[in-house]
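Being a predicted model, the structure only gives us computed values, none of them experimental.
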Amino acid sequence: MARPREFDEQAVLDAASDVFWAKGYEATSTRDLSARTGLTPSSIYAAFGDKRRMFLRALDHYLGRLREKMTSLKTTRSPGEAITGFFEDTIKRSLGDALQRGCMLVNSALEVSPQDPDFQAAIASELKLIEYFFLDRIKEGQRRGDISPVHSAEDAARQLLAVLLGVRVLARVRPEGPLLRGAVSQTLASLGLPPLMVAAGT
């Protein structure tokens, strides 16, 4: 009979996510993971497999909160407000991160090698999830008459995804409220979406 795990898996994934988020996949060593999680290297391998599989588990854990946020926005706000709220939350979290880590998913997208197609596909599928959130909300807004159909929903969703990636990269080196808001505001206006309601001082 297999022995039960003697650690809190969610807490371990939280710790592993923090390491990968701050250092990136390549720069993170098993020693780093062991020091942060409190698990021995052998326990890490027994529970999660190699570093690659642990990273994918940690990334999925990190993205769980993002998925919850998108679900909440979808169910509590109008389509246009859900999109704007997504960017408001992104800017708020970017400015509130003293370590200037950006987004673990976006950082991973920048780091992944074309010579690793499986890894690349895993990252791409998660980015498509965000793109679909934008696409779904735009289509629903157009159906309800809240968002103008003058723009292709597909192209608008791609544009919003590109802006999001740009904001997350900028936030790592220039976490400045006016810069991040300015990078988003014009795109929202051009698509007929509600303006940002982020406080001017942030």
Exercise. Any chance you could lay out the side-chain contact (heavy atoms from CB on, under 4.5 Å) test for L161 and R158, step after step, and finish with the verdict?
Key: CA-CA 5 Å; L161 178 64; R158 294 172 188 133; 5.6 Å; no

Keeping [X] on the side-chain end and [Y] on the backbone end, is there a donor-acceptor pair under 3.5 Å?
| X | Y | answer |
| --- | --- | --- |
| S185 | G182 | no |
| T84 | P194 | yes |
| E111 | E26 | yes |
| W21 | G102 | yes |
| H151 | G192 | no |
| S34 | T30 | no |
| Y62 | M104 | yes |

Using the rule that Ile, Leu, Val, Met, Phe, Trp and Tyr join whenever any side-chain heavy atoms are under 4.5 Å apart, tell me whether [X] and [Y] fall into a single cluster.
| X | Y | value |
| --- | --- | --- |
| V167 | L179 | yes |
| I83 | L129 | yes |
| F87 | V106 | yes |

Do [X] and [Y] make a side-chain contact, defined as non-hydrogen atoms from C-beta onward lying under 4.5 Å apart?
| X | Y | value |
| --- | --- | --- |
| S108 | E126 | no |
| V184 | T90 | no |
| D97 | R172 | no |
| H61 | R57 | no |
| L127 | L165 | yes |
| R143 | E140 | yes |
| R168 | L110 | no |
| E81 | E88 | no |

Considering all heavy atoms of both residues, which atom of [X] and which atom of [Y] are nearest to each other, and what is their separation?
| X | Y | value |
| --- | --- | --- |
| L56 | A122 | CD2-CB, 4.1 Å |
| R77 | A82 | CB-N, 3.9 Å |
| A156 | I138 | CB-CD1, 3.5 Å |
| P149 | Q142 | CA-NE2, 3.5 Å |
| R101 | N107 | O-ND2, 2.6 Å |
| P79 | D146 | CD-OD2, 4.2 Å |

Worksheet entry | Pair Y25-L59, side-chain contact (heavy atoms from CB on, under 4.5 Å): steps then yes or no | CA-CA 10 Å; Y25 173 73; L59 179 62; over 6 Å; no

Run the salt bridge (Lys or Arg N to Asp or Glu O under 4.0 Å) test against [X] and tell me which residues pass, sequence neighbours left out.
| X | answer |
| --- | --- |
| R31 | none |
| K74 | D136 |
| D32 | K23 |

From [X] atom [atom1] to [Y] atom [atom2], the distance as rounded to the nearest 0.5 Å:
| X | Y | atom1 | atom2 | answer |
| --- | --- | --- | --- | --- |
| E68 | L63 | CD | CG | 11.5 Å |
| I44 | M54 | CD1 | CE | 5.0 Å |
| T40 | Y45 | OG1 | OH | 11.0 Å |
| L193 | S78 | CG | OG | 9.5 Å |
| L66 | L105 | CG | CG | 7.5 Å |
| K139 | S152 | NZ | OG | 8.5 Å |

Exercise for review: Take E154 and L135 through the test side-chain contact (heavy atoms from CB on, under 4.5 Å) and record every step on the way to the result.
Suggested key: CA-CA 6 Å; E154 288 77 9; L135 178 62; 4.1 Å; yes

Checklist entry - So, are K92 and D89 salt-bridged, with charged N and O less than 4.0 Å apart? => result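 Between D89 and K92 there is no salt bridge, as every charged N stays at least 4.0 Å from the carboxylate O atoms.
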
query = Should E176 and R181 be marked as a salt bridge (charged side-chain N to carboxylate O under 4.0 Å, His left out) after you check the CA-CA gap, both sets of side-chain angles, and the distance that decides it?
reply = CA-CA 9 Å; E176 305 161 14; R181 291 196 306 274; over 6 Å; no

Item checked: Test log, rule side-chain contact (heavy atoms from CB on, under 4.5 Å), inputs Q159 and D155 -> CA-CA 6 Å; Q159 183 179 358; D155 287 346; over 6 Å; no

Problem - Axial cation check for F86 ring with K69, 6.0 Å and 45° limits - result: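 Not satisfied by the 6.0 Å and 45° rule.
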
